[in-house]
Novice: 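Here it is: the structure, laid out below.
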Amino acid sequence: MNLSQARERTVRTGGVELCVAEMGDAGRPTVVLVHGYPDSKEVWSDVAARLAEHWHVVLYDVRGHGRSTAPKPLRGGFTLEKLTDDFLAVIDTVSPDRPVHVVGHDWGSVQSWEFVTVGRTEGRIASFTSMSGPSLDHFGHWIKRRMTRPTPRKVGQLLGQGAKSWYVYMLHTPALPELAWRGPLGKRWPGILERLEKVPAGDYPTDSLPDDAAHGAWLYRDNVRARLRRPRPDAYAHAPVQLITPTGDSFLSERLYDGLEDWVPTLVRRSLPAKHWVPRTRPDQLASWIDEFVTANESAARDGGPVQQSVAQGPYAERFGGQLVLVTGAASGIGRATAFAFAEAGARIVAVDRDAEGAARTAEMARLIGAPAAWGEAVDVSDEDAMEKLAARVAAEYGIVDVLVNNAGIGLSGSFLETTSEEWKKVLDVNLWGVIHGCRIFGKQMADRGQGGHIVNTASAAAFQPSRVLSAYSTSKAAVLMLSECLRAELAEKSIGVSAICPGIVNTNITATTRFAGADAAEEERLQKRTTRLYGRRNYPPTRVADAILRAVVRNQAVVPVTPEARGARLLSRLSPGTLRSVARLKPPL
């Protein structure tokens, strides 16, 4: 993704010329994206393209970066006061009559904290989304509080952030950063980002990187020491703030934002399992959260009421909020319940089923429950080409899947000798090959992205409990269990967890569609009704399996037997497999 289709203009202010790019309908509310160090506006290209579908998106190269000119002299030319002048000049040009929504990353967030806490911008900012960049004033007060009556905990937090801030000390050294960036570091930086941050290759970073980084060193020299020594006592935000904290950020401690509520009257917190450069590695999730937050604030401004809380309130909302979850077999039963459970936790849902109407209904209900977005996709998981196309479409339109739930399955009962080759093929195509296709195609996307993820495969208690009437079904589920164990070992180095969920008797409609080998149509219908009644009397709801799936992802569990009979069979398979074999010989009543 690049900004070649963006409309560009030049804004002159304070002796510099700022390159400003615009995307989307200029008549809609404006979202301003402010880049960090050592970036240019191109760091936002993927996020901007997604936001431009609903908003007027504005990006600009900070002075001395990209296609904006640098101040002369450089010393004293990058103060927060001058950066605020630039911001006001940009928004007065692109949105003179209505406030804008600001989004900042890294140093773009640092300077945007200045924008949202100084009096001269009051009324010009509708909301602020911050990621990976604190207010220098808040940071200064944070340090002072920990130096006053220090405790081991406070000292540990100071030392921890001090170690993460090693690069700040380096950037204050004379001439060395400029030499490094215009020399070997500038050449190797794209490779460093790909290797350490898993930033995908493409149009970022741009060729201006060495100069951008050399000029940007003055952002630190002109501001950091002065503000940390004398932080402003009145640095209160005058607009709602959304704080997105990457939990794997190598440069900023999560503890740095402790007490932020004292400075921000309206604060929404979100955490993201990712590293520092989230605009490049997680653009889909950022765009979703920004879109939600901007929509909520626009609605509040229009209706004259308070900003409605846009963060999901489910028990696992902090873990799954904004993540992209794809569930197969989602039109009913365990699949639908699982989609709803993730929706309640604020995840974006892709509901997949060969029943197009059922998948669409699940997606619609997921949105009502709490999913910020949900889509229904009609796909047969046993069709490899269809799954390949689905994965490409999901990646292009919604992003890379964070959690994959391979749940689609069909039932088959009857003796081995009466089960035809065609019936075997049908069961294995859906129950095993459907899981293989999902793991291979979506798992590779997760691995290539390099930001981790989780795969859940629905197996069954039948995977470790033999039965004389479930040879095909049990074989398919045992294969899924072993596949999950093997994948778990292989993908651990990619930070991708794999869980096998093994329910026992669960009250779903699989009993109504289970085939019975060797039975004629009338006999099969009778057996289906009888099995449905038995499962109905057992009445173990699919919602409890869905809860187990979410727990398995949170805890990164390997094998999860869900129902009491499944847990009992799992235990016997380890302690007394002979007992299970004896039970397997029993002929069930017809």
Side-chain angles (χ1 to χ4, degrees), residues 31-37 39 43-44 58-60 62-63 65 78-88 90-91 99-145 161 164-165 168 216 218-246 249 251-270 276 278-279 286 289-290 293-294 297:
V31 178
V32 180
L33 307 176
V34 189
H35 69 78
Y37 178 86
D39 300 320
V43 74
W44 288 113
V58 174
L59 317 86
Y60 67 96
V62 172
R63 55 172 54 203
H65 296 70
F78 290 84
T79 63
L80 288 170
E81 290 78 9
K82 292 180 178 179
L83 295 172
T84 304
D85 292 339
D86 294 350
F87 169 73
L88 284 169
V90 169
I91 65 173
V100 303
H101 301 269
V102 184
V103 180
H105 172 255
D106 190 82
W107 251 93
S109 177
V110 173
Q111 60 180 294
S112 295
W113 275 111
E114 181 80 0
F115 306 159
V116 80
T117 57
V118 294
R120 58 191 175 122
T121 61
E122 193 162 356
R124 298 293 286 121
I125 297 176
S127 75
F128 169 41
T129 295
S130 165
M131 60 196 81
S132 298
S135 160
L136 291 183
D137 295 302
H138 300 165
F139 191 8
H141 289 293
W142 183 88
I143 292 172
K144 288 186 175 183
R145 283 196 299 270
Q161 181 55 53
K164 286 176 175 284
S165 298
V168 177
W218 287 99
L219 290 166
Y220 294 85
R221 295 166 180 167
D222 280 352
N223 297 290
V224 173
R225 283 184 293 185
R227 279 299 176 91
L228 294 187
R229 288 172 181 168
R230 293 181 297 278
R232 290 186 296 131
D234 58 347
Y236 298 99
H238 49 66
V241 176
Q242 174 177 227
L243 176 70
I244 299 175
T245 306
D249 198 319
F251 307 105
L252 294 167
S253 166
E254 294 178 63
R255 300 277 67 81
L256 192 58
Y257 301 103
D258 289 351
L260 188 59
E261 288 82 359
D262 296 340
W263 300 100
V264 182
T266 305
L267 177 65
V268 173
R269 288 179 178 265
R270 300 185 189 270
H276 184 77
V278 285
L286 293 186
W289 279 340
I290 295 166
F293 195 59
V294 171
N297 281 277

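Throughout, residue positions are numbered sequentially from 1 according to the sequence presented.
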Novice: Give the intermediate values and the outcome of side chain to side chain contact (heavy atoms under 4.5 Å, CB included) for residues Q242 and S127.
Specialist: CA-CA 8 Å; Q242 174 177 227; S127 75; over 6 Å; no
Novice: Give a yes-or-no answer on whether the side chains of R255 and Q161 include a donor-acceptor pair shorter than 3.5 Å.
Specialist: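 R255 vs Q161: no donor-acceptor pair found between side chains.
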Novice: Of L59, V62, V103, which is the lone residue that meets side chain to side chain contact (heavy atoms under 4.5 Å, CB included) with H35?
Specialist: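 Passing option: V62.
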Novice: So, H238 side chain and V116 main chain: donor-acceptor pair closer than 3.5 Å or not?
Specialist: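 Such a contact is found between H238 side chain and V116 backbone.
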Novice: May I ask you to decide if V168's main-chain N or O and S165's side chain share a donor-acceptor pair within less than 3.5 Å?
Specialist: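 Not at all, since once roles are kept as given, no pair shorter than 3.5 Å links the two residues.
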Novice: I'd like to know whether I143 forms a side chain to side chain contact (heavy atoms under 4.5 Å, CB included) with R229, so could you lay out the CA-CA distance, the side-chain angles of the two residues, the decisive distance to 0.1 Å, and finally the verdict.
Specialist: CA-CA 10 Å; I143 292 172; R229 288 172 181 168; over 6 Å; no
Novice: Is the closest side-chain heavy-atom distance between V110 and P134 below 4.5 Å?
Specialist: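 In contact.
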Novice: Supply the atom-to-atom distance T117 OG1 to W263 CH2, rounded to the nearest 0.5 angstrom.
Specialist: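 Spacing of OG1 (T117) from CH2 (W263) equals 9.5 Å.
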Novice: Rounded to the nearest 0.5 Å, how far apart are CG of L136 and CH2 of W107?
Specialist: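 Interatomic distance, L136 CG to W107 CH2, rounded to 0.5 Å: 5.0 Å.
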Novice: Measure across N223 and W218 and return the closest heavy-atom pair with its distance rounded to 0.1 Å.
Specialist: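 Minimum heavy-atom separation between N223 and W218: ND2-O, 4.4 Å.
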Novice: Locate the shortest heavy-atom distance separating I125 from A239; write the atom from each residue and the value.
Specialist: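 Looks like O-CB, 3.6 Å.
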Novice: Salt-bridged, E114 to R232, with N to O below 4.0 Å?
Specialist: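 Here E114 pairs with R232 in a salt bridge, since their nearest N and O are under 4.0 Å apart.
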Novice: Do V278 and I244 make a side-chain contact, defined as non-hydrogen atoms from C-beta onward lying under 4.5 Å apart?
Specialist: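 Counting from C-beta outward, V278 and I244 never come under 4.5 Å.
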Novice: Could you report the tightest heavy-atom contact between R124 and I91, atom names first, then the distance?
Specialist: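 Taking every non-hydrogen atom into account, NH2-O, 3.4 Å.
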Novice: Are R269 and E261 ion-paired here, with the side-chain N under 4.0 Å from a carboxylate O?
Specialist: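 Yes, R269 and E261 are salt-bridged.
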Novice: What's the spacing between Y257 OH and L243 CG if we round to 0.5 Å?
Specialist: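 The distance works out to 6.0 Å.
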Novice: Apply the side chain to side chain donor-acceptor pair (under 3.5 Å) test between S132 and each candidate in D249, T245, D106; give the one that qualifies.
Specialist: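 Single pass found, and it is D249.
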Novice: Supply the atom-to-atom distance T129 OG1 to L286 CG, rounded to the nearest 0.5 angstrom.
Specialist: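 Reported to 0.5 Å precision, the distance equals 9.5 Å.
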Novice: Between F128 and F115 (judged by ring centroids, cut-off 6.0 Å), do the two rings come close enough to count as a pair?
Specialist: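 F128 vs F115: aromatic centres not under 6.0 Å.
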Novice: State the NE2-CG distance between H101 and N297, to the nearest 0.5 angstrom.
Specialist: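 Rounded to the nearest 0.5 Å, the NE2-CG separation comes to 6.0 Å.
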Novice: Is W113 reaching over with its side chain to a backbone N or O of G133, donor-acceptor style, under 3.5 angstrom?
Specialist: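 Present.
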Novice: Indicate the atoms forming the closest heavy-atom contact of V100 with F87, along with that distance.
Specialist: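 The pair with the smallest heavy-atom distance is CG2-CZ, 4.1 Å.
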Novice: What distance do L228 atom CG and K144 atom NZ have between them, rounded to the nearest 0.5 Å?
Specialist: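 Rounded to the nearest 0.5 Å, the CG-NZ separation comes out at 9.5 Å.
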Novice: Quick one: closest heavy-atom pair of V264 and L267, and the distance?
Specialist: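 Closest approach of V264 to L267: CG1-CB, 3.8 Å.
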Novice: Is any side-chain heavy atom of D262 less than 4.5 Å from a side-chain heavy atom of Y236?
Specialist: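 No, their side chains stay 4.5 Å or more apart.
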Novice: Mind listing the closest non-hydrogen atom pair of R227 and L80 along with its distance?
Specialist: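 Nearest heavy atoms, R227 then L80: NH1-CD1, 3.6 Å.
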Novice: Look at the rings of H65 and F78 and say which category their plane angle falls in: under 30° parallel, 30 to 60° tilted, over 60° perpendicular.
Specialist: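 Plane angle over 60°, so perpendicular.
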Novice: Given R63, which of D222, D86, D85 fulfils the salt bridge (Lys or Arg N to Asp or Glu O under 4.0 Å) condition?
Specialist: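 Output: one option passes, namely D86.
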